[in-house]
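No hydrogens, no waters, no symmetry mates; every other heavy atom, side chains included, goes into these values. Letters go in sequence order (proteins before strands), and every chain restarts at 1.
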Protein chains: 2
Amino acid sequence: MPTPERTSVDEIVTAGREILELAGPAGLTMQAVATRVGVRAPSLYKRIRDRDALLSAVATASIEALTAQLEAAADDLTALARAYRTFAHAHPEGFRLMFTAAASHEALGRSAAPLIRAASALVGEDDALDAARLFTAWATGFLQMELSGAFRLGGDVDRAFEYGLSRLLTGMAA
Amino acid sequence: MPTPERTSVDEIVTAGREILELAGPAGLTMQAVATRVGVRAPSLYKRIRDRDALLSAVATASIEALTAQLEAAADDLTALARAYRTFAHAHPEGFRLMFTAAASHEALGRSAAPLIRAASALVGEDDALDAARLFTAWATGFLQMELSGAFRLGGDVDRAFEYGLSRLLTGMAA
DNA sequence: ACCTGAACACCGTTCAAGT
DNA sequence: ACCTGAACACCGTTCAAGT
């Protein structure tokens with residue numbers, strides 16, 4: 001006698017993202033996810049291999065959410081930088097997890113597309129990939145440092161962000 | 001009757017750094033550290049508050065090791081960038097941990113000093129802090145992406161690093 | 001088919017008892 | 001003083017038994 005499914009991968013991943021932001025990575029336990037979706041922990045293993053696979057799925061979902069924001073931004077690097085930062089502020093734990101857990105290759109590729117397009121418009125096709133990597137590395141490092149409190153010791157963080165962005169664009173266009 | 005100490009904080013942190021590189025963060029257990037320094041796990045709690053404090057201590061030690069390399073590098077940003085990358089390649093897990101676990105403020109400040117000095121020489125005192133943050137953010141983000149395999153999809157990573165470095169210097173000097 | 005309680009392995013941590 | 005075995009709480013994971 002088949003039993004109707006009481007949850008789904010989507011529901012589990014969504015619950016995982018919510019718990020991650022509320023309780024951090026250590027709080028993202030199989031128990032917590034199970035409780036939130038209304039089943040017992042062992043039932044989760046019908047949908048996902050293990051906790052690592054859950055973390056990867058949550059990381060991938062975060063990247064996809066970020067990609068949607070980047071695609072909604074205008075096609076220039078300034079707008080993309082600000083959209084990136086807005087996303088990181090809104091989902092700090094999901095942002096961090098994107099660089100910790102192994103996310104899907106396809107999702108990573110899709111998130112890079114708008115950046116490469118905007119970089120290409122600025123520096124040409126030949127240097128587009130290197131330029132996109134320069135830009136992404138800076139933005140990623142800056143936001144991780146900002147989120148981890150490495151900038152606590154003084155200075156205006158907003159100003160530092162704009163300084164970095166403008167110098168980066170100057171350097172790339174030169 | 002006092003018992004002689006069979007280990008020390010230094011020995012524990014050193015063991016922690018070694019285990020971290022060999023077995024990753026998940027392998028850095030209190031048991032593994034205790035075995036390596038020759039005591040039982042409960043004895044570690046005479047020296048460090050808990051596993052989180054151990055992770056912080058290991059992160060701080062990693063930052064101090066990095067600082068020593070940066071101070072040994074010549075006082076220009078190109079040499080500092082290459083020293084930074086060399087360190088990250090040599091201690092990938094320690095490098096990652098530096099941005100994950102809460103490290104000591106003083107250690108972080110000391111590691112920033114050579115960068116701010118080099119940045120100041122290039123852009124002047126007023127912009128030195130912003131420039132150092134731009135540089136550090138780029139290098140940190142680049143190395144994290146390189147270590148996490150985000151660059152797997154093609155292109156020459158060494159070339160991308162040199163491209164980023166030269167564009168960054170161009171933009172900062174403009 | 002899917003769900004669950006029970007069980008197991010493993011880890012962090014505490015503590016009373018040893019020396 | 002420091003060290004340890006024993007114990008506890010908590011978590012990930014498996015599995016036989018339920019429906």
Side-chain angles (χ1 to χ4, degrees), chain A residues 1-62 93-94 96-97 100-103, chain B residues 1-62 93-94 96-97 100-103:
Chain A
M1 209 62 63
T3 310
E5 309 178 353
R6 262 169 241 184
T7 186
S8 64
V9 173
D10 259 27
E11 208 186 356
I12 289 168
V13 172
T14 298
R17 290 186 69 199
E18 292 164 353
I19 293 168
L20 178 65
E21 295 301 335
L22 293 170
L28 181 47
T29 66
M30 300 299 273
Q31 268 251 36
V33 173
T35 300
R36 189 168 256 254
V37 303
V39 299
R40 303 287 176 164
S43 300
L44 297 177
Y45 293 83
K46 283 283 156 181
R47 318 249 177 260
I48 41 165
R49 194 172 53 260
D50 52 23
R51 184 170 179 269
D52 247 40
L54 172 63
L55 292 176
S56 291
V58 169
T60 297
S62 296
E93 295 291 350
R96 263 192 279 262
L97 187 69
T100 301
Chain B
M1 211 58 66
T3 309
E5 310 178 351
R6 263 169 240 183
T7 187
S8 65
V9 173
D10 259 28
E11 208 187 354
I12 289 168
V13 172
T14 299
R17 290 186 70 200
E18 292 163 354
I19 294 167
L20 178 66
E21 296 301 335
L22 294 169
L28 182 46
T29 66
M30 301 299 273
Q31 268 251 35
V33 172
T35 300
R36 189 167 255 256
V37 302
V39 299
R40 303 287 177 167
S43 300
L44 297 177
Y45 294 84
K46 285 281 156 182
R47 317 249 178 258
I48 41 164
R49 195 172 53 261
D50 53 22
R51 184 169 180 270
D52 247 40
L54 172 62
L55 291 176
S56 291
V58 169
T60 298
S62 296
E93 296 291 349
R96 264 192 277 262
L97 187 70
T100 302

Practice item. Could you check how far CD of Q31(B) sits from C1' of dT4(D), rounded to whole Å? Key: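 So the CD-C1' distance, Q31(B) to dT4(D), works out to 13 Å.
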
Practice item. In whole angstrom, give the distance that lies between atom CD of E11(B) and atom P of dC3(D). Key: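 Rounded to whole Å, this separation is 11 Å.
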
Exercise for review: Only stems of 3 or more consecutive Watson-Crick or G-U pairs count here, both distances under 3.5 Å; name the ones for DNA chain D, or none.
Suggested key: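 The stems are C:4-8 with D:12-16, C:12-16 with D:4-8.
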
Atom pair [atom1] ([X]) and [atom2] ([Y]), whose distance is rounded to the nearest 0.5 Å:
X       : Y      : atom1 : atom2 : result
L54(A)  : I12(A) : CG    : CD1   : 8.0 Å
T100(A) : R96(B) : OG1   : CZ    : 8.5 Å
L22(B)  : E93(B) : CG    : CD    : 10.0 Å
T7(B)   : L44(B) : OG1   : CG    : 7.5 Å
L28(A)  : R17(A) : CG    : CZ    : 12.0 Å
E11(B)  : R6(B)  : CD    : CZ    : 12.5 Å

Exercise for review: Please answer whether the main-chain N or O of A41(A) pairs with a side-chain N or O of Q31(A) as donor and acceptor at a distance below 3.5 Å.
Suggested key: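 No, Q31(A) side chain to A41(A) backbone: no donor-acceptor pair under 3.5 Å.
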
Closest heavy-atom contact between [X] and [Y]?
X      : Y       : value
V37(B) : A15(B)  : CG1-CB, 3.7 Å
T29(B) : A32(B)  : OG1-N, 3.0 Å
L55(A) : A101(A) : O-CB, 3.8 Å
T60(B) : A103(B) : OG1-CA, 3.6 Å

Review point. Among residues 43-60 of chain B, which contact DNA chain C at a heavy-atom distance under 4.0 Å?
Key: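 Going residue by residue through residues 43-60 of chain B, the ones with a heavy atom under 4.0 Å of DNA chain C turn out to be Y45(B), D50(B), R51(B).
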
Just the atom pairs and distances: protein N or O near nucleotides 5-8 of chain C's N or O, under 3.5 Å.
unit_1 : atom_1 : unit_2 : atom_2 : d
dG5(C) : OP2    : R40(A) : NE     : 3.3

Point to revise | side chain to side chain contact (heavy atoms under 4.5 Å, CB included) partners of A102(B), counting only residues at least two apart | key: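 In terms of side chain to side chain contact (heavy atoms under 4.5 Å, CB included), with neighbours along the sequence ignored, A102(B) is linked to S56(B).
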
Check your understanding: Considering only heavy atoms, which members of residues 17-26 of chain B lie under 4.0 Å from some atom of DNA chain D?
Key ->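 Of all residues in residues 17-26 of chain B, none places a heavy atom under 4.0 Å from DNA chain D.
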
Review point. What residues form a salt bridge (charged side-chain N to carboxylate O under 4.0 Å, His left out) with R47(B), not counting sequence neighbours?
Key: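 Counting only residues at least two positions away or on another chain, R47(B) forms no salt bridge (charged side-chain N to carboxylate O under 4.0 Å, His left out).
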
